[in-house]
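For ligands, and for the atoms within them, numbers begin at 1 and follow the listed sequence. Everything numeric here is computed off the predicted structure, so don't read it as measured data.
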Amino acid sequence: MKTPRPQAQVSRRTFLGQLSAAAALAMAPRESRALDSPPPAKKFGVALVGLGTYSTDRLAPALRDTKHCRLTGVVTGSRSKGEKWARDYGFPEDNIYGYETMERMAGNPDIDFVYVVTPNGLHAEHCIAAAKAGKHVICEKPMANTVAECDAIIAACHAAGVRLTVGYRLHYEPHHAELARLAREKVFGAFTRMKGENGFEMGTEDAHSDAWRVSKKLAGGGPLMDMGVYVIQAVCMAKVEAAPVAVTAKFGPVTRPKLFSEVEESVTWTMEYADGAQGKCLATYADAVSRFRADAERGWAQLEDPAFYYDDPVLTTSRGKVHLPNVNHQVAQLDGMAEELIAGRPSIAPGEMGRRDVAIIEAIYAAANSGQRVEVKA
Ligand code: NAD
């Protein structure tokens, strides 16, 4: 069984070299402080690329509440929209960039992280531009449409000496972290049977605002890319971040052929592990469903519906309900990633993990298209 390669660690020297002198001074005492200590004088500057729904409704508001980060810039196709964001979030208009001018961020000490929140098919182009500007990169899920694009992003970040993480918010969420611990410490034994489902019902009104989500070029695929990646993540988490050895898969019925002419409406798949464990999964744009369960020899763990949405998850095990704090997922993720960088720790959601998941997705599509069992080369 393979685990994702740890992310190339950015040395403290390289990291400090990328900050302004003032910022470096502010950083210096931070290293010895506990991670729950008061916020540092300097917060990391984050620029959001793509000001759509997720940036507007979740990430930007979260950046008002983060301890270690703040919104200091945007990349947008609309200058006037950028100007409104600059006023609302209090950053200079000089920090508004277009998709074609991202390289100019290189000389801007206000921006430490670039967070790419555009359609999946544009992630590679925008992540590579951010890396070339010398900025740490956070890439939304799924990391890209293909493994080849993931490799290009990883290579660009490596060449630039910047950190690459994927916007896997649930890795920083306490209930999912507890599931990971139960798996890692084999509290109930190794999980051997997993079942996960995730989807929403895409209506005609969504089809307009979500047009890119049903475009093969921009989305890379249908609900597997968008919702299925959470189920893949949960299964891998239950298997201590190991990739499956093989998958089988089947596309579901197409009930709205006009809407789903380029991508699947739903897909079921099975992830097979070297130890005989299996994950049975569903991703769909035809039904609102979001749950996960993992069974082991001596017990089980279950994330109740909705397991993967922004709502507070409920984790139940064979021992009863698990009581954990509820957190804002985006605040927890952004501060978690900042703390990893401050401490010089490898990320728990590195680019290599994003690549692993895209490799699994490619295998699932190959299996669904061929009807054959397909080995996963993650
Ligand atoms: P959205 O359609 O609301 O926003 C997309 C943004 O990209 C818009 O600002 C749009 O103007 C911009 N864009 C730039 N070039 C474009 C082009 N050629 N075509 C279409 N739009 C273009 O989408 P969203 O829901 O904000 O999703 C964006 C990314 O964030 C996706 O990768 C998605 O998977 C991810 N996402 C993650 C989560 C999460 O919980 N982690 C939640 C929602 C979305």
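- The closest approach between R58 and ligand 1 stays at or above 4.0 Å for every heavy atom of the residue.
- At a heavy-atom cutoff of 4.0 Å, ligand 1 is contacted by no atom of K217, backbone or side chain.
- Here is the list of ligand 1 atoms found below 4.0 Å of a heavy atom in L122: 15 (N), 16 (C), 17 (C), 18 (N).
- Between the side chains of Y97 and N108, at least one donor N or O lies within less than 3.5 Å of an accepting N or O.
- Polar contact with ligand 1: absent for S55 (N/O pair, distance under 3.5 Å).
- Distances between N or O atoms of L51 and those of ligand 1 include at least one value under 3.5 Å.
- Residue contacts with ligand 1, taken as heavy atom pairs separated by less than 4.0 Å, do not involve M225 at all.
- Residue nearest to atom 5 (C) of ligand 1, selected from G50, P119, G77: P119 (by heavy-atom distance).
- When hydrophobic clusters are built by joining Ile, Leu, Val, Met, Phe, Trp and Tyr residues whose side-chain heavy atoms come closer than 4.5 Å, directly or via intermediates, F91 is grouped together with F113.
- With no hydrogens or angles considered, a side-chain donor-acceptor pair links D226 and Y285 at under 3.5 Å.
- For the side-chain contact (heavy atoms from CB on, under 4.5 Å) test with F292, the passing option among E197, E304, M194 is M194; the others fail.
- Within the 4.0 Å heavy-atom criterion, neither part of T76 lies near ligand 1.
- Panel note: side chain E264, backbone V267; no donor-acceptor pair is recorded below 3.5 Å.
- In this structure, a donor-acceptor pair under 3.5 Å is absent between the side chains of E140 and H123.
- Atoms of ligand 1 lying under 4.0 Å from at least one heavy atom of R213, given by number and element, are 23 (O), 24 (P), 25 (O), 27 (O), 33 (C), 44 (C).
- The shortest N/O to N/O separation between Y54 and ligand 1 falls below 3.5 Å.
- The ligand atoms of ligand 1 that sit less than 4.0 angstrom from a heavy atom of Y310 are 40 (O), 42 (C), 43 (C).
- With 3.5 Å as the limit, one finds a donor-acceptor pair spanning the side chains of D110 and N95.
- F308 does not count as a contact of ligand 1, since none of its heavy atoms falls under 4.0 Å from the ligand.
- Using modelled atom types and a 3.5 Å distance limit, the side chains of R169 and Y230 yield a donor-acceptor pair.
- Hydrophobic clustering (ILVMFWY, side-chain heavy atoms < 4.5 Å, transitive): F191 and W300 are in distinct clusters.
- Proximity to R169 (heavy-atom distance under 4.0 Å) selects the following atoms of ligand 1: 39 (C), 40 (O), 41 (N).
- The pair E265-R256 meets the salt-bridge criterion, since a charged nitrogen lies less than 4.0 angstrom from a carboxylate oxygen.
- For K81, no nitrogen or oxygen atom sits less than 3.5 Å from a nitrogen or oxygen atom of ligand 1, counting backbone and side chain alike.
- Contact between H123 and ligand 1 is present, with at least one heavy atom of the residue lying under 4.0 Å from the ligand.
- Atoms of ligand 1 found under 4.0 Å from any heavy atom of Y230 (numbered from 1 in listed order, with element): 38 (C), 39 (C), 40 (O), 41 (N).
- T72 and G45 make their closest contact through OG1-CA, 3.2 Å (heavy atoms, listed as atom of the first residue, atom of the second, distance).
- Set against the non-hydrogen atoms of G167, the atoms of ligand 1 under 4.0 Å away are 41 (N).
- Ranked by closest heavy atom to atom 2 (O) of ligand 1, the top entry among Y168, Y99, W212 is W212.
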